[in-house]
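To start, the structure itself, in structure tokens.
Letters go in sequence order (proteins before strands), and every chain restarts at 1.
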Amino acid sequence: MSILSSERLVQPVRLLVALFIMAVVVAGCSGAADEPSGGETSTTSSETGEGSGGGDSSGGDSEETYVILPAFEPASLDPAVGGPGFQEYQNLYEPLVDSYAKDGEIKPLAAESWDVSDDGTVYTFHLREGLKWSDGEPLTAEDFRYAWIRQIDPSVGGYTPDLFFEIVNAEAYLNGEVTDPAEVGIAVLDELTLEVTLTQPAAYWLRVTGTNAYFPVRQDVIEEHGDSWTDPETFVGNGPYKLDEWVRDQRIEFVKNPEYTGPWADSRHIDRIIYRTFQDPWNEALTPYEAGEVDAALIPAADLERVESDAEMADNVVRIPLAGGSIMVFDTQSAPTDDPLVREALVRAVDFDALANDVLRGAYAQATSFSPPQMSSHDPDTFPEFDVEAAQDLLAQAGYADGVGFPTLELASWTLARETLIAQALAAMWSENLGIEVSIEILEPAAMTEWRNTRAEEDFDVYLALQWAELEDPRFFHVSQLDPRGNVRHSGYDNPGYVTALDAALSAPDQTAYDRLWKEAEALINRDLPIVTTVYEARPWVVSDVLSNFTEVTTEASEMIRVAQPPGLQVNR
Amino acid sequence: MRSRYLLTRLALVVPSLLVVFSLTFFLMHATPGGPWDGASTRPLPESVIERLNEVYGLNEPIWQQYWTYLKNIFTEGSLGVSFSRSGEGVTEIVARTLPVSLQLGLVAILIATVFGITLGVVSALKRNTFTDRMASLFSIIGVSTPNYVVASLLVILFAVGLGWLPTGGWDGLFSINILIPAFALALHPMALLARYTRSSMLEVWGADFIRVARSKGLPESTILIRHALPNALIPVATVAGVAFAEVVTGSFFVEVITSQPGIGRYFVDSIFARDYPVILGTTLVFAVIVMTMNLVVDLIYTLLDPRVSYE
């Protein structure tokens with residue numbers, strides 16, 4: 001065997017050459033598409049987020065101003081199938097009204113004005129004249145009607161058709177009981193007038209028309225390009241910005257839409273909005289922020305203390321409340337939690353202040369009522385206060401003095417870091433303050449959802465869940481959770497008094513009556529405690545000096561929507 | 001004949017893939033939860049879920065779904081459409097993300113090979129010296145540190161601390177963005193290759209033919225490069241091939257930490273999202289990669305070592 005032959009050397013060399021060729025070939029396959037769009041990304045690295053932000057150079061017209069923000073990769077930019085998650089849509093499309101104004105008022109956007117019939121069921125929208133799509137084509141009432149019908153089209157498979165169920169025949173159309181879209185209560189009276197008929201008066205519905213589900217889309221573009229109509233080459237929107245580039249799993253870039261003439265036309269101080277997408281922008285953006293690569297980042301609870309004591313970052317922390325929070329759901333149909341005394345004892349034994357500020361290190365806000373403070377139903381006066389002695393008394397009245405004879409309380413939670421912490425804290429407070437045993441079961445999220453869906457038939461004690469509201473309106477916090485005719489929480493709460501209060505609120509013709517009725521409904525929940533909010537969302541963000549007025553540009557309902565238009569935004573770059 | 005062996009191996013690929021496919025299909029349907037659970041922050045009403053199930057064919061009996069999916073693979077070459085990425089085909093997702101993971105994997109394995117082999121050779125030649133001990137320490141650390149720890153440390157050190165490199169992002173094969181993820185992925189195979197090279201080199205270094213070469217008066221460098229290394233690297237080549245498959249299929253954490261648009265995140269994400277077509281598609285792709293690399297390793301073995309043949 002000629003081991004000493006010099007040929008032996010050639011083999012590893014060949015292997016390396018082959019590897020190199022493979023590398024070049026693979027690079028050639030995809031390299032061209034991944035070219036960076038320009039100098040933006042490379043220049044950013046030198047502009048540290050918490051640094052001076054380049055001084056007051058905003059006056060320079062030649063320089064393009066830009067911000068880089070963390071975001072989820074959107075499932076799609078099509079409002080019908082995109083689902084939730086990419087709230088930055090609001091820069092690309094303009095709905096009829098602005099539902100997210102800081103002062104809570106509903107303001108005109110694409111609709112210049114609107115009339116409501118005396119019985120509160122017919123809404124007539126008058127569109128602004130001269131509306132245009134980003135390709136220069138005129139925008140008409142028909143574009144809205146087409147988009148809305150598409151949302152409830154059973155063949156489209158959208159995620160948010162239920163936001164249209166107030167409209168006559170919308171639910172029937174989704175279920176195939178009505179097949180002619182003309183029978184749905186959306187009618188085009190002329191190019192600029194849209195008439196919507198509701199099944200009953202609903203004071204909250206006007207606000208719903210400001211959500212992503214109610215954006216207009218272009219029939220001819222969708223029919224011509226199919227699913228790829230949202231690609232940058234073919235995308236057409238009517239918002240203050242338009243899609244310029246979308247590199248999948250990397251970034252999405254918006255630039256000013258030159259055809260836009262709406263209310264925000266003159267307050268677009270940023271030429272280019274770059275969203276850098278992350279798997280989980282809530283937890284992954286802080287490191288790139290510290291490296292100066294993005295202009296804003298949500299601070300994970302574990303990092304909050306460090307960031308707040310960091311000399312450079314502390315002044316740039318802002319808190320943005322969100323309409324939502326963590327909740328715990330009691331089974332009101334089976335022992336021991338079917339006893340209202342037991343439920344009140346359990347709630348009074350929880351120190352909600354310590355839960356939000358110590359256990360979760362102040363990354364969330366203390367819960368003081370069922371619905372969050374941004375909602376008109378919020379009513380801290382009727383929420384039971386933390387009082388260990390009172391809790392022990394209540395438990396004794398229920399027949400379990402000092403916790404003796406109380407069965408082990410089963411607490412179900414899921415594999416989210418925060419929920420796990422809450423579950424452990426609740427268990428500790430209950431066993432310490434009431435002398436009862438608590439066992440915790442932790443499930444993976446999708447498995448938890450399935451477990452929860454089967455609770456309609458099966459007994460449980462208490463489980464944890466998250467609840468957000470699309471809008472800062474009590475309807476979006478109460479109905480899906482507590483209406484016994486179709487709720488998904490399965491607490492088994494069936495107080496007829498609550499159903500009456502809820503129905504009255506939903507069909508209230510005006511806002512004053514609406515708010516008052518919700519307060520009455522909330523008082524019942526704070527008394528009966530079928531579902532209790534444990535912490536409110538109060539997201540701590542750190543933002544670069546470039547976005548010095550960040551709190552002004554976000555809405556309380558959904559963070560980072562329309563980061564670039566609203567009044568008062570200062571661009572320091 | 002080598003070609004006959006090759007044909008047998010290739011013929012076995014199809015049934016193997018079918019087993020992988022069937023196991024994955026039934027396991028994922030047996031897992032609690034469905035694609036619309038947790039898709040939204042707010043629970044979806046019954047009627048909406050019903051509609052979504054209908055649109056995506058999830059109302060059909062499970063055998064029917066199994067058959068339809070399988071049929072579409074063979075008749076249309078289609079792996080289906082993602083549930084959570086509306087309208088995007090699984091084939092498109094794979095075509096977009098796999099090249100990124102392959103490039104990352106290749107760079108990582110190149111780094112691992114060059115540094116790992118060098119380290120192993122130096123250790124073997126300086127056996128039982130301080131250098132050898134240090135190299136062993138490095139190997140043990142490298143083998144036992146998970147790549148997500150390495151990636152995080154590199155990001156903190158080089159991106160946040162020193163500011164020399166970006167925290168992540170993909171900018172093509174020839175950009176500095178690739179350095180952190182590639183090194184993070186490379187450390188484990190590098191340490192592994194160093195260990196293999198060291199022991200294999202020690203074995204060869206004591207062999208008779210080396211003594212013969214030395215007695216002929218050949219310089220040490222010639223003995224090392226022309227006679228010792230080619231023989232010592234035979235077992236190493238097999239390890240490198242398997243390591244490549246491991247790097248490509250196990251890149252999830254590094255891809256997430258450094259924002260790489262590779263296939264790893266889809267593989268893991270799809271399982272949490274119960275995105276059935278993407279689970280199946282990525283699993284099949286990974287199975288193909290592992291099988292291909294195993295086959296390539298076996299074939300390379302015959303090229304490198306004439307004593308091995310598959311007659």
Side-chain angles (χ1 to χ4, degrees), chain A residues 1 3-4 6 8-9 11-12 15 19 22-23 26-27 29-31 34-36 41 45 75-76 78 81-84 154-157 159 161-162 171 174-175 227 248-250 276 278-279 284 287-288 290-293 324 444-451 453 466-468 470 480 486 488, chain B residues 31-34 37-45 47-48 51-52 54-56 84-87 96-97 99-100 102-103 106-107 109-110 155-156 159-160 163 166-174 209 213 225-227 229-231 233 237 256 259 261 265 269 272 274 300 303-304 306-307:
Chain A
M1 196 167 282
I3 285 176
L4 293 182
S6 62
R8 312 296 299 124
L9 174 64
Q11 304 302 349
L15 184 65
L19 277 174
M22 274 164 77
V26 176
C29 292
S30 69
D34 293 330
E35 286 297 308
T41 29
S45 52
S76 164
D78 182 337
V81 293
S155 66
V156 169
Y159 282 109
D162 53 310
E171 191 166 8
L174 179 76
N175 292 331
D227 281 340
R248 291 273 184 169
D249 294 321
Q250 288 288 289
R276 177 165 156 190
F278 292 88
Q279 177 102 348
E284 289 166 17
T287 309
E290 289 180 64
E293 294 174 9
E444 185 263 349
M448 178 71 185
T449 312
E450 179 162 310
W451 178 88
N453 290 344
L466 294 182
Q467 179 72 22
W468 273 285
E470 282 95 341
S480 66
V488 291
Chain B
T31 313
D37 297 337
S40 162
T41 50
R42 110 204 125 104
L44 296 173
S47 57
V48 176
R51 204 55 46 203
L52 286 166
E54 206 162 288
V55 168
Y56 289 98
S84 53
R85 293 293 185 99
S86 316
R96 174 161 57 78
T97 57
V100 173
L102 284 181
Q103 290 174 72
L106 275 175
V107 173
I109 226 65
L110 274 178
V155 166
I156 291 168
V160 180
T167 56
W170 175 253
D171 224 357
L173 184 57
F174 303 102
F209 69 87
I225 293 170
R226 298 183 68 171
H227 303 302
L229 256 186
N231 287 289
L233 289 185
V256 168
S259 311
R265 66 161 71 180
D269 262 9
F272 283 115
R274 306 289 191 272
I300 281 182
L303 290 178
L304 294 182
R307 286 169 300 185

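- Using a 4.5 Å cut-off between heavy atoms, B:V155 contacts chain A through its side chain alone, with no backbone atom that close.
- Residues B:S259 and A:R276 form a side-chain contact, since some pair of their non-hydrogen atoms from C-beta on lies under 4.5 Å apart.
- How far CD of A:E444 is from CZ of B:R274: 4.0 Å, rounded to the nearest 0.5 Å.
- For A:T287, the parts lying under 4.5 angstrom from a heavy atom of chain B are both the backbone and the side chain.
- Here B:D269 pairs with A:Q279 under the side chain to side chain contact (heavy atoms under 4.5 Å, CB included) rule; sequence neighbours left out.
- Side-chain contact check for B:R265 versus A:D249: some heavy-atom pair is nearer than 4.5 Å.
- Across all non-hydrogen atoms, the minimal contact from B:P261 to A:Q250 is CD-NE2, 3.2 Å.
- Here the side chain of A:E290 pairs no donor or acceptor atom with the backbone of B:A159 at under 3.5 angstrom.
- For A:E171, there are no side-chain hydrogen bond (donor to acceptor under 3.5 Å, both in side chains) partners two or more places apart in sequence or in a different chain.
- Side chain of A:E293 to main chain of B:T167: a donor-acceptor pair is present (N/O by atom type, distance under 3.5 Å, no hydrogens or angles).
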